[in-house]
Amino acid sequence: MPELPEVETMRRGILPLVGGVIVEAFCPTSHHHPIKYSPPADRLFAMLVGRRITAVERCGKRLLLRLDDERALVIEPRMTGRVMLDPPQIPSHVRLVLQVVSEHQEPHATLDCAERTMIFRDVRGLGTVRLLDGNTFPAELGPHKIGPDALEIYWQELRDRLGHRKCAVKVALLDQKAIAGVGNIYASEALHLAKIHPAMPCCAITNRQWQRLHEALQRVLKEAIASQGSTLSDGAYATPSNEAGRYQHLHRVYQRTGERCCQCRRGIIRRIVLGQRSTFYCPVCQPIRSRNH
DNA sequence: ATTAATGTTCAGAA
DNA sequence: TTTCTGAACATTAA
(Lines give C-alpha, C1' and ligand atoms only; values in the text may rest on other atoms or scores of the structure.)
Protein backbone atom coordinates (compact mmCIF):
# COMPACT_ATOMS: atom_id res chain seq x y z
CA MET A 1 0.00 0.00 0.00
CA PRO A 2 2.71 2.45 -0.64
CA GLU A 3 1.06 5.83 -0.98
CA LEU A 4 2.83 9.17 -1.23
CA PRO A 5 4.46 9.11 2.25
CA GLU A 6 5.70 5.54 1.86
CA VAL A 7 7.16 6.19 -1.59
CA GLU A 8 8.76 9.41 -0.34
CA THR A 9 10.36 7.39 2.47
CA MET A 10 11.67 4.93 -0.12
CA ARG A 11 13.08 7.83 -2.13
CA ARG A 12 14.92 9.26 0.84
CA GLY A 13 16.23 5.85 1.82
CA ILE A 14 17.89 5.18 -1.51
CA LEU A 15 19.38 8.66 -1.97
CA PRO A 16 22.86 7.18 -1.25
CA LEU A 17 22.67 5.62 -4.72
CA VAL A 18 22.84 9.03 -6.37
CA GLY A 19 26.12 9.52 -8.19
CA GLY A 20 26.84 5.81 -8.36
CA VAL A 21 27.12 3.66 -11.47
CA ILE A 22 24.98 0.57 -12.06
CA VAL A 23 27.39 -2.33 -12.57
CA GLU A 24 24.83 -5.13 -12.48
CA ALA A 25 21.07 -5.36 -13.02
CA PHE A 26 19.16 -8.61 -12.87
CA CYS A 27 16.26 -10.57 -11.43
CA PRO A 28 17.59 -13.37 -9.19
CA THR A 29 14.66 -15.77 -9.45
CA SER A 30 12.32 -16.81 -12.21
CA HIS A 31 8.74 -16.27 -11.18
CA HIS A 32 5.82 -18.12 -12.59
CA HIS A 33 4.10 -14.77 -12.93
CA PRO A 34 6.72 -12.14 -13.69
CA ILE A 35 5.83 -8.51 -13.12
CA LYS A 36 5.55 -6.08 -15.99
CA TYR A 37 8.91 -4.85 -17.26
CA SER A 38 9.21 -2.33 -20.06
CA PRO A 39 11.15 -2.95 -22.17
CA PRO A 40 11.12 -6.72 -21.49
CA ALA A 41 13.33 -7.82 -18.61
CA ASP A 42 16.52 -8.91 -20.42
CA ARG A 43 16.66 -5.83 -22.62
CA LEU A 44 15.83 -3.55 -19.68
CA PHE A 45 18.59 -4.99 -17.50
CA ALA A 46 21.13 -4.66 -20.30
CA MET A 47 20.21 -1.02 -20.81
CA LEU A 48 20.73 -0.25 -17.12
CA VAL A 49 24.28 -1.55 -16.84
CA GLY A 50 26.89 1.19 -17.05
CA ARG A 51 24.46 4.03 -16.36
CA ARG A 52 25.07 6.55 -13.64
CA ILE A 53 22.18 7.47 -11.33
CA THR A 54 21.91 11.25 -11.39
CA ALA A 55 18.87 11.76 -9.12
CA VAL A 56 16.16 9.95 -7.23
CA GLU A 57 12.74 11.56 -7.42
CA ARG A 58 9.13 10.78 -6.67
CA CYS A 59 5.97 11.60 -8.57
CA GLY A 60 2.76 10.63 -6.83
CA LYS A 61 3.20 7.01 -5.83
CA ARG A 62 6.00 6.36 -8.31
CA LEU A 63 9.71 6.21 -7.68
CA LEU A 64 12.02 7.60 -10.29
CA LEU A 65 15.73 6.97 -10.78
CA ARG A 66 17.12 9.41 -13.31
CA LEU A 67 19.99 8.11 -15.40
CA ASP A 68 22.84 9.85 -17.22
CA ASP A 69 21.44 8.94 -20.64
CA GLU A 70 18.32 11.10 -20.31
CA ARG A 71 16.23 8.14 -19.32
CA ALA A 72 14.51 7.32 -16.05
CA LEU A 73 13.88 4.03 -14.32
CA VAL A 74 10.33 4.27 -13.00
CA ILE A 75 9.24 1.88 -10.27
CA GLU A 76 5.56 1.57 -9.45
CA PRO A 77 5.18 -0.39 -6.19
CA ARG A 78 1.38 -0.59 -6.33
CA MET A 79 0.17 -2.96 -3.60
CA THR A 80 3.16 -4.75 -2.14
CA GLY A 81 6.19 -3.39 -3.94
CA ARG A 82 9.06 -1.98 -1.87
CA VAL A 83 12.74 -1.21 -2.20
CA MET A 84 15.49 -2.34 0.15
CA LEU A 85 19.03 -1.01 0.43
CA ASP A 86 21.80 -3.48 1.28
CA PRO A 87 19.51 -6.20 2.69
CA PRO A 88 21.24 -8.69 5.02
CA GLN A 89 19.73 -11.57 3.03
CA ILE A 90 18.06 -11.66 -0.34
CA PRO A 91 14.37 -12.27 0.43
CA SER A 92 11.76 -13.99 -1.74
CA HIS A 93 9.82 -12.31 -4.53
CA VAL A 94 12.69 -10.08 -5.61
CA ARG A 95 11.95 -8.53 -9.01
CA LEU A 96 15.05 -6.40 -9.56
CA VAL A 97 18.55 -6.23 -8.12
CA LEU A 98 20.77 -3.22 -8.80
CA GLN A 99 24.47 -3.27 -7.87
CA VAL A 100 25.69 0.31 -7.69
CA VAL A 101 29.29 1.44 -7.26
CA SER A 102 30.16 4.89 -5.96
CA GLU A 103 33.67 6.31 -6.06
CA HIS A 104 34.76 8.67 -3.33
CA GLN A 105 37.96 10.56 -4.09
CA GLU A 106 39.84 11.09 -0.85
CA PRO A 107 42.09 14.11 -0.48
CA HIS A 108 45.28 12.02 -0.41
CA ALA A 109 44.74 9.92 -3.49
CA THR A 110 42.95 7.09 -1.73
CA LEU A 111 40.32 5.61 -3.98
CA ASP A 112 37.40 4.24 -2.01
CA CYS A 113 34.79 2.27 -3.89
CA ALA A 114 31.50 1.70 -2.09
CA GLU A 115 29.26 -0.96 -3.53
CA ARG A 116 25.58 -0.90 -2.65
CA THR A 117 22.73 -3.21 -3.47
CA MET A 118 19.22 -2.00 -4.07
CA ILE A 119 16.46 -4.52 -4.58
CA PHE A 120 12.84 -4.14 -5.62
CA ARG A 121 10.70 -6.74 -3.90
CA ASP A 122 7.03 -7.30 -4.72
CA VAL A 123 5.19 -10.24 -3.15
CA ARG A 124 1.94 -9.93 -5.06
CA GLY A 125 3.66 -8.90 -8.23
CA LEU A 126 1.29 -6.15 -9.28
CA GLY A 127 4.08 -3.59 -9.48
CA THR A 128 5.88 -2.45 -12.61
CA VAL A 129 9.40 -1.46 -13.62
CA ARG A 130 9.83 0.74 -16.67
CA LEU A 131 12.64 2.52 -18.44
CA LEU A 132 11.25 5.70 -19.94
CA ASP A 133 12.40 8.79 -21.75
CA GLY A 134 13.38 11.11 -18.91
CA ASN A 135 12.37 14.23 -20.81
CA THR A 136 8.66 13.59 -20.98
CA PHE A 137 8.01 14.59 -17.38
CA PRO A 138 6.42 15.20 -15.06
CA ALA A 139 3.01 13.97 -16.11
CA GLU A 140 3.30 10.96 -18.36
CA LEU A 141 5.36 8.38 -16.53
CA GLY A 142 3.08 5.47 -17.24
CA PRO A 143 0.71 4.72 -20.07
CA HIS A 144 -1.64 7.34 -18.67
CA LYS A 145 -1.05 10.84 -17.48
CA ILE A 146 -1.27 11.37 -13.78
CA GLY A 147 -2.30 14.57 -12.08
CA PRO A 148 -0.12 16.97 -10.08
CA ASP A 149 1.51 15.65 -6.94
CA ALA A 150 -0.62 16.04 -3.82
CA LEU A 151 2.14 17.99 -2.06
CA GLU A 152 2.55 20.44 -4.93
CA ILE A 153 -1.08 21.35 -5.51
CA TYR A 154 -2.88 24.56 -4.50
CA TRP A 155 -6.32 24.39 -2.93
CA GLN A 156 -7.90 26.12 -5.92
CA GLU A 157 -6.42 23.49 -8.20
CA LEU A 158 -7.81 20.74 -6.01
CA ARG A 159 -11.24 22.33 -6.24
CA ASP A 160 -11.00 22.93 -9.98
CA ARG A 161 -9.98 19.34 -10.69
CA LEU A 162 -12.56 17.63 -8.47
CA GLY A 163 -15.23 20.19 -7.73
CA HIS A 164 -17.49 19.51 -10.71
CA ARG A 165 -17.74 15.75 -10.15
CA LYS A 166 -20.76 14.06 -8.71
CA CYS A 167 -18.94 11.13 -7.13
CA ALA A 168 -18.03 10.84 -3.44
CA VAL A 169 -15.10 13.04 -2.51
CA LYS A 170 -13.24 10.06 -1.07
CA VAL A 171 -13.48 8.20 -4.37
CA ALA A 172 -12.30 11.29 -6.26
CA LEU A 173 -9.25 11.69 -4.02
CA LEU A 174 -8.09 8.23 -5.10
CA ASP A 175 -8.16 9.16 -8.80
CA GLN A 176 -4.49 9.51 -9.71
CA LYS A 177 -5.37 11.30 -12.93
CA ALA A 178 -6.90 14.09 -10.86
CA ILE A 179 -4.32 14.26 -8.07
CA ALA A 180 -1.36 11.94 -7.58
CA GLY A 181 -0.22 10.30 -4.37
CA VAL A 182 -3.33 9.89 -2.22
CA GLY A 183 -4.42 6.31 -1.47
CA ASN A 184 -6.95 4.59 0.71
CA ILE A 185 -5.34 5.33 4.08
CA TYR A 186 -4.60 9.02 3.67
CA ALA A 187 -7.89 9.80 1.94
CA SER A 188 -9.82 8.72 5.05
CA GLU A 189 -7.36 10.43 7.38
CA ALA A 190 -7.43 13.76 5.54
CA LEU A 191 -11.23 13.83 5.31
CA HIS A 192 -11.49 13.22 9.03
CA LEU A 193 -9.10 16.05 9.80
CA ALA A 194 -11.03 18.30 7.42
CA LYS A 195 -14.35 17.25 9.01
CA ILE A 196 -15.87 16.26 5.68
CA HIS A 197 -18.00 13.16 5.23
CA PRO A 198 -16.27 10.78 2.78
CA ALA A 199 -19.49 10.20 0.83
CA MET A 200 -20.13 13.88 0.22
CA PRO A 201 -20.43 14.56 -3.52
CA CYS A 202 -17.55 16.69 -4.78
CA CYS A 203 -19.97 19.16 -6.32
CA ALA A 204 -21.57 19.81 -2.91
CA ILE A 205 -18.31 20.88 -1.28
CA THR A 206 -17.82 24.57 -0.53
CA ASN A 207 -14.71 26.65 -1.13
CA ARG A 208 -14.08 26.73 2.57
CA GLN A 209 -14.23 22.97 2.73
CA TRP A 210 -11.84 22.58 -0.21
CA GLN A 211 -9.45 24.83 1.65
CA ARG A 212 -9.79 22.72 4.79
CA LEU A 213 -9.36 19.52 2.83
CA HIS A 214 -6.25 20.83 1.13
CA GLU A 215 -4.73 21.87 4.42
CA ALA A 216 -5.63 18.53 6.01
CA LEU A 217 -4.04 16.65 3.12
CA GLN A 218 -0.80 18.59 3.43
CA ARG A 219 -0.72 18.02 7.16
CA VAL A 220 -1.51 14.31 7.06
CA LEU A 221 0.98 13.59 4.28
CA LYS A 222 3.75 15.54 5.98
CA GLU A 223 3.07 13.93 9.36
CA ALA A 224 3.17 10.52 7.72
CA ILE A 225 6.46 11.26 5.97
CA ALA A 226 7.91 12.36 9.31
CA SER A 227 6.83 8.97 10.72
CA GLN A 228 8.27 7.11 7.72
CA GLY A 229 4.86 5.96 6.54
CA SER A 230 2.36 3.38 7.77
CA THR A 231 3.28 -0.26 8.33
CA LEU A 232 -0.02 -2.14 8.54
CA SER A 233 -0.60 -5.46 10.26
CA ASP A 234 0.33 -7.36 7.10
CA GLY A 235 3.83 -5.90 7.35
CA ALA A 236 4.03 -5.48 3.59
CA TYR A 237 5.68 -2.08 3.82
CA ALA A 238 8.90 -1.04 5.53
CA THR A 239 11.58 1.55 4.86
CA PRO A 240 14.54 0.74 2.58
CA SER A 241 16.61 -0.06 5.68
CA ASN A 242 13.80 -2.40 6.76
CA GLU A 243 12.45 -0.34 9.64
CA ALA A 244 8.71 -0.31 10.24
CA GLY A 245 6.88 2.95 9.63
CA ARG A 246 5.22 4.51 12.69
CA TYR A 247 2.29 6.46 11.31
CA GLN A 248 -0.16 3.60 11.88
CA HIS A 249 -0.03 4.52 15.59
CA LEU A 250 -1.19 8.01 14.68
CA HIS A 251 -4.08 7.01 12.42
CA ARG A 252 -7.19 8.82 13.60
CA VAL A 253 -9.77 6.68 11.79
CA TYR A 254 -8.15 4.17 9.45
CA GLN A 255 -8.84 0.62 10.72
CA ARG A 256 -10.20 2.01 13.98
CA THR A 257 -13.78 0.78 13.57
CA GLY A 258 -15.66 0.83 16.89
CA GLU A 259 -13.11 3.01 18.67
CA ARG A 260 -14.02 6.38 20.12
CA CYS A 261 -13.03 9.33 17.95
CA CYS A 262 -9.87 10.96 19.29
CA GLN A 263 -11.03 14.36 18.08
CA CYS A 264 -14.50 14.80 19.54
CA ARG A 265 -14.34 11.96 22.12
CA ARG A 266 -17.99 11.18 21.35
CA GLY A 267 -18.34 9.59 17.94
CA ILE A 268 -17.60 5.90 17.31
CA ILE A 269 -15.55 5.29 14.19
CA ARG A 270 -17.51 3.64 11.40
CA ARG A 271 -16.43 1.62 8.40
CA ILE A 272 -18.30 1.90 5.11
CA VAL A 273 -17.46 0.80 1.57
CA LEU A 274 -17.02 3.49 -1.08
CA GLY A 275 -15.82 2.62 -4.55
CA GLN A 276 -15.26 -0.97 -3.37
CA ARG A 277 -12.74 0.14 -0.75
CA SER A 278 -12.91 0.38 3.02
CA THR A 279 -13.55 3.89 4.24
CA PHE A 280 -13.40 5.08 7.84
CA TYR A 281 -14.92 8.17 9.42
CA CYS A 282 -16.40 9.68 12.57
CA PRO A 283 -20.16 10.28 12.23
CA VAL A 284 -20.00 13.14 14.73
CA CYS A 285 -17.01 15.05 13.34
CA GLN A 286 -17.96 14.37 9.74
CA PRO A 287 -21.73 14.88 9.36
CA ILE A 288 -23.30 14.31 5.98
CA ARG A 289 -24.88 17.76 6.02
CA SER A 290 -22.44 20.46 6.98
CA ARG A 291 -24.20 22.46 9.63
CA ASN A 292 -22.78 25.84 8.95
CA HIS A 293 -26.02 27.73 9.01
C1' DA B 1 -11.63 -26.86 1.55
C1' DT B 2 -13.52 -22.74 -0.22
C1' DT B 3 -14.28 -18.02 -0.01
C1' DA B 4 -13.64 -13.22 1.12
C1' DA B 5 -10.81 -9.43 1.84
C1' DT B 6 -6.87 -6.64 1.22
C1' DG B 7 -5.41 -1.76 -2.27
C1' DT B 8 -3.60 0.05 -6.87
C1' DT B 9 -3.90 0.50 -11.68
C1' DC B 10 -5.68 -0.50 -16.20
C1' DA B 11 -8.84 -2.16 -19.98
C1' DG B 12 -13.23 -2.00 -21.47
C1' DA B 13 -17.94 -0.76 -21.29
C1' DA B 14 -21.91 2.00 -19.83
C1' DT C 1 -15.92 13.24 -20.12
C1' DT C 2 -17.05 10.52 -16.13
C1' DT C 3 -18.13 6.45 -13.69
C1' DC C 4 -18.39 1.60 -12.96
C1' DT C 5 -16.80 -3.36 -13.13
C1' DG C 6 -13.54 -6.91 -13.27
C1' DA C 7 -8.87 -8.59 -13.71
C1' DA C 8 -4.14 -8.76 -12.37
C1' DC C 9 -1.78 -11.14 -8.08
C1' DA C 10 -0.29 -13.52 -2.96
C1' DT C 11 -1.41 -14.18 1.45
C1' DT C 12 -4.21 -14.57 5.44
C1' DA C 13 -8.48 -14.97 8.03
C1' DA C 14 -12.95 -16.83 8.38
Side-chain angles (χ1 to χ4, degrees), chain A residues 1-8 10 27 29-38 41 58-64 74-83 91-96 120-130 132 139-147 149-150 159-191 198-205 220-221 224 229-238 245 247-248 251 253-257 271-280:
Chain A
M1 14 231 104
E3 304 180 27
L4 187 153
E6 288 76 24
V7 179
E8 176 63 18
M10 296 182 199
C27 178
T29 44
S30 68
H31 300 88
H32 188 251
H33 294 289
I35 64 168
K36 166 147 192 177
Y37 300 94
S38 173
R58 177 191 60 74
C59 195
K61 304 176 187 177
R62 292 158 187 184
L63 192 61
L64 219 126
V74 179
I75 298 177
E76 226 183 301
R78 297 212 187 171
M79 285 295 297
T80 52
R82 53 175 292 207
V83 296
S92 63
H93 302 91
V94 172
R95 313 294 181 156
L96 175 65
F120 175 58
R121 180 183 191 222
D122 186 359
V123 172
R124 284 177 70 174
L126 299 177
T128 67
V129 175
R130 299 179 151 94
L132 300 174
E140 42 230 65
L141 300 168
H144 298 289
K145 289 191 181 179
I146 58 175
D149 191 85
R159 175 200 59 195
D160 293 345
R161 294 185 148 261
L162 303 181
H164 59 103
R165 298 194 186 186
K166 289 179 214 143
C167 69
V169 58
K170 194 265 192 174
V171 173
L173 283 175
L174 300 184
D175 183 354
Q176 304 299 299
K177 290 187 280 303
I179 170 176
V182 182
N184 209 34
I185 297 174
Y186 301 107
S188 281
E189 291 297 321
L191 286 166
M200 177 162 306
C202 287
C203 53
I205 292 177
V220 163
L221 295 173
S230 303
T231 293
L232 301 185
S233 49
D234 61 11
Y237 161 80
Y247 196 65
Q248 66 280 5
H251 288 172
V253 290
Y254 186 80
Q255 285 186 350
R256 296 207 181 276
T257 311
R271 175 189 177 275
I272 56 174
V273 174
L274 246 34
Q276 297 109 250
R277 325 270 274 281
S278 294
T279 305
F280 303 87

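Proteins get letters first, then strands, A, B, ... in listed order; numbering begins at 1 in each.
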Mind running side chain to side chain contact (heavy atoms under 4.5 Å, CB included) on A:V74 and A:T128 for me, showing each step along the way?
CA-CA 8 Å; A:V74 179; A:T128 67; over 6 Å; no
Begin with the C-alpha distance, continue with both residues' side-chain angles, and end with the deciding distance and a verdict on side chain to side chain contact (heavy atoms under 4.5 Å, CB included) for A:K170 and A:N184.
CA-CA 9 Å; A:K170 194 265 192 174; A:N184 209 34; 2.5 Å; yes
List the steps, then state whether side chain to side chain contact (heavy atoms under 4.5 Å, CB included) holds for A:H251 with A:L232.
CA-CA 11 Å; A:H251 288 172; A:L232 301 185; 4.1 Å; yes
Between A:I146 and A:R62, does a side chain to side chain contact (heavy atoms under 4.5 Å, CB included) hold up when you go through it step by step?
CA-CA 10 Å; A:I146 58 175; A:R62 292 158 187 184; 3.5 Å; yes
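A heavy-atom distance below 4.5 Å is found between the side chains of A:K36 and A:R130.
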Given pairs defined as Watson-Crick or G-U wobble with both distances under 3.5 Å, what dot-bracket annotation applies to DNA chain B, with ( ) intrastrand, [ ] crossing, | other strand and . unpaired?
.|||||.|||||||
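A residue-by-residue look at A:R161 and A:Q276 shows that A:R161 has its nearest nucleotide of DNA chain C further toward the 5' end.
Distance NZ (A:K145) to C1' (C:dT2): 18 Å, rounded to an integer number of Å. Rounded to an integer number of Å, the gap from CZ of A:R62 to P of B:dT8 is 13 Å. Here B:dA4 presents its C1' atom at 11 Å from CZ of A:R271, a figure rounded to the nearest Å. As a whole-Å value, the separation of A:L274 CG from C:dC4 P is 10 Å.
Using atom C1' as the reference point in both B:dC10 and C:dT11, the two lie 23 Å apart (nearest Å). Nucleotides B:dA4 and C:dG6 have their C1' atoms positioned 16 Å apart, rounded to a whole Å. Taking atom P in both B:dT3 and C:dA7, the straight-line distance is 15 Å, to the nearest Å. B:dA11 and C:dA10 have their C1' atoms separated by 22 Å, given to the nearest Å.
The side chain of A:N184 approaches B:dG7 more closely than any other nucleotide in the set C:dT3, B:dA5, B:dG7.
Donor-acceptor pairing under 3.5 Å is lacking for the side chains of A:T80 and A:R121. Side-chain N/O atoms of A:E6 and A:Y186 include a donor and acceptor closer than 3.5 Å.
Residue A:K61 places at least one side-chain N or O closer than 4.0 Å to OP1 or OP2 of B:dT9.
A:T80 comes within 4.0 angstrom of no nucleic acid atom, judged by non-hydrogen atoms across all strands.
For the pair A:R78 and A:D122, the salt-bridge criterion is not met [side-chain N within less than 4.0 Å of a carboxylate O].
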Protein proximity profile, nucleotides 9-14 of chain C - base contact B, sugar-phosphate-only contact S, no contact -, cut-off 4.0 Å on heavy atoms:
BBS---
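When A:K145, A:R165, A:R161 are each tested for a salt bridge (charged side-chain N to carboxylate O under 4.0 Å, His left out) with A:D175, only one passes: A:R165.
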